[in-house]
Amino acid sequence: MSSPPLIEKFRQAGQGQVFAFHDELAPEAQRHLLSEAAEIDLAEIERLTASLLAPGAKASVNLEGLQPAPFEPLVASGGDPAAWARAKAAGEAALKAGRVAAFTVAGGQGTRLGFDGPKGTFPVTPLKQKTLFQVFAEKIHAAGIRHGHPLHWFIMTSHQNHAATVAFFEEHRYFGLDRARVHFFRQGRMPAVDLNGKILLETKGTIALSPDGHGGSLRALERAGALDLMQREGIDTLSYFQVDNPLVRCIDPAFIGWHLNRRSQMSSKMVRKAYAEEKVGHFCVQADRLVVVEYSDLPMELQCQKDLRGKLLFEAGSIAIHLLDRDFIRDMTRPQPGRAVATLPFHRAAKKIPTIDTSGRPVKPEQANGVKFEMFVFDAQPFARNPLVIETSRQDDFSPVKNADGVDSPKTARDDQLRQYARWLLANGAEAEVDDTGLPRVTIEVSPLFGYDEDSFAESWKKLARPPAVADGLYLS
Ligand code: UTP
């Protein structure tokens with residue numbers, strides 16, 4: 001019997017090993033393997049192998065002419081108060097008009113945290129142990145009420161965590177959100193290859209596929225019909241954030257206003273690096289284009305370089321919070337007549353990839369045996385018109401849960417949430433005892449439904465007939 005045409009295509013592309021065990025599989029397993037193989041763009045893999053894996057392939061990052069990127073500073077660090085006020089008013093008007101939707105990328109594998117389940121289902125708040133998804137849901141819900149227009153929320157999942165993510169929302173009745181406004185879609189996958197570019201099998205009947213990076217979100221939005229839905233609903237701006245950051249202002253009027261007032265197609269938040277070697281991407285300008293250079297690609301001498309005033313030259317760190325214009329995403333993903341799509345580049349990451357040997361036995365490698373390909377969303381910036389970088393305060397926007405312990409862990413995120421609640425309370429006249437890092441001595445919690453930023457907190461606090469004393473177990477909801 002002749003092989004299906006897809007198997008022939010793989011053989012001709014030098015990837016016949018993908019079907020090495022095909023004939024021993026049951027018919028259902030054969031169909032499954034063929035459907036996984038059908039997801040793979042063989043020409044793309046060949047191109048990536050040639051450009052990223054070939055001996056002497058040039059480093060994907062070119063550092064020529066790299067300069068620090070300009071950014072809009074906060075009022076507290078010299079920004080123009082009137083321009084910030086105008087931005088906030090414009091953002092509020094856009095929210096009122098329903099032009100903005102929230103967008104969470106939640107397709108990552110969360111290997112460093114080592115939590116069994118989608119990362120969004122990780123309990124993160126200090127007192128009530130609310131999950132990341134619940135925190136975002138309540139912030140989005142509250143922002144919708146405050147601005148008089150309920151928001152749509154797009155959530156990108158992966159093949160691995162899609163079903164568990166949707167089931168979690170079902171189980172919790174969408175945390176009070178209108179389920180018709182919560183939209184899940186899966187991101188794309190890419191096969192892992194060995195160091196010679198051969199696609200790896202995970203088992204005899206499955207390919208080693210993994211999510212194609214947060215940059216895959218742009219084409220996934222288009223593929224899932226999210227851009228069409230946005231258009232129908234009159235939404236032109238997506239507020240993009242990661243699933244791991246409980247402090248994020250999911251909806252930030254001033255940021256939105258800056259983006260709209262400057263007619264930017266993609267805007268990003270930055271914080272000043274806490275120290276020279278901090279492991280964040282760096283906002284830079286190269287040949288008049290805004291780029292983010294990962295810390296691992298920026299030589300240490302540049303990371304540490306100071307200007308004449310002794311300030312870090314490359315001080316603007318990326319915290320993966322962006323605003324994206326709908327039509328920009330469309331341009332980046334849908335071919336137009338006479339114009340090629342400006343695809344995001346893939347990056348390679350050497351990894352230990354569980355696979356099988358030539359006789360089909362499982363192999364758990366001790367060191368990197370292959371490469372995964374991922375796209376990064378910030379690589380869209382160079383293609384955007386008027387890309388903008390806006391400063392934010394770290395303590396009110398960024399405390400990710402990446403690792404099981406140490407930096408960026410559940411403990412640091414918990415403490416940063418507590419510090420934020422204490423700041424809000426103190427700013428509104430409450431008495432709270434804090435240590436010299438601002439950490440309150442008691443465990444308290446503020447529900448996003450009570451206050452999700454300084455303004456909303458202050459409004460709710462003022463409405464309290466008898467403000468409660470700050471004591472262990474205080475929950476403001
Ligand atoms: P990270 O870079 O922290 O990766 O993702 P990760 O996969 O979640 O975690 P590790 O590296 O395995 O420990 C940053 C954000 O981008 C999303 C993640 O869900 C997180 O919100 N992401 C990452 C995707 O949505 N898809 C991807 O393919 C990769």
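Predicted model, so just to flag it, every value in this text is computed and none were measured. Atoms within each ligand, like the ligands themselves, are counted from 1 in listed order.
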> Are the side chain of Ser399 and the backbone of Leu247 linked by a donor-acceptor contact shorter than 3.5 Å?
no

> Give yes or no for whether the N/O distance cutoff of 3.5 Å, strictly under, is met between Val243 and ligand 1.
yes

> Look at the aromatic rings of Phe19 and Phe10 and report parallel, tilted or perpendicular, splitting at 30° and 60°.
perpendicular

> For atom 22 (N) of ligand 1, which of the options Ala404, Gly213, Gly108 provides the nearest non-hydrogen atom?
Gly108

> Before signing off on this row, confirm whether Gln187 and ligand 1 have an N or O atom pair separated by under 3.5 Å.
yes

> Any idea which of Thr111, Asp212, Asp244 brings a heavy atom closest to atom 10 (P) of ligand 1?
Thr111

> Going by distance alone, is a donor N or O of one side chain under 3.5 Å from an acceptor N or O of the other, for Asp415 and Thr412?
no

> For Lys402, take its heavy atoms, then give the atoms of ligand 1 lying under 4.0 Å from any of them.
1 (P), 3 (O), 14 (C)

> Among all protein non-hydrogen atoms, which one is nearest to atom 17 (C) of ligand 1, and what is the separation to 0.1 Å?
Val105 O, 3.8 Å

> Taking atom 15 (C) of ligand 1 as the point of reference, which of Arg189, Glu374, Gln242 owns the nearest heavy atom?
Gln242

> Which residue holds the protein heavy atom closest to atom 16 (O) of ligand 1, what is that atom called, and what is the gap in Å?
His214 CD2, 3.5 Å

> Would you call the rings of Phe115 and Phe122 parallel, tilted or perpendicular, where under 30° means parallel and over 60° means perpendicular?
perpendicular

> Donor-acceptor pair, distance only, cut-off 3.5 Å: does the side chain of Ser239 make one with the backbone of Cys250?
yes

> Are the aromatic rings of His141 and Phe175 close, with centres under 6.0 Å apart?
no

> How far is atom 6 (P) of ligand 1 from its nearest protein heavy atom, and which residue and atom name does that atom have?
Gly110 N, 3.5 Å

> How far is atom 25 (O) of ligand 1 from its nearest protein heavy atom, and which residue and atom name does that atom have?
Gly107 N, 2.8 Å

> Can you give me the closest heavy-atom contact between Asp244 and Lys119, atom names plus distance?
CB-NZ, 3.7 Å

> Contact between ligand 1 and Gly216 is defined here as a heavy atom of the residue under 4.0 Å from a ligand atom; is it met?
no

> Which bit of Pro211 is near ligand 1, meaning a heavy atom under 4.0 Å away: side chain, backbone, both or neither?
both

> Would you say the side-chain atoms of Asp178 pair up with the backbone N or O of Ala180, donor to acceptor, closer than 3.5 Å?
yes

> Just which atoms of ligand 1 are under 4.0 Å from any heavy atom in Met156?
25 (O)

> Please check this pair: side chain of Glu391 against backbone of Leu74, looking for a donor-acceptor N/O pair closer than 3.5 Å.
yes

> Return the closest protein heavy atom for atom 2 (O) of ligand 1 as residue, atom name and distance.
Arg112 NH2, 3.9 Å

> Which residue and atom name correspond to the protein heavy atom nearest atom 7 (O) of ligand 1, and how close is it?
Gln109 N, 2.8 Å

> In terms of ring plane angle, is the pair Phe378 and Phe376 parallel, tilted or perpendicular, where the classes change at 30° and 60°?
tilted

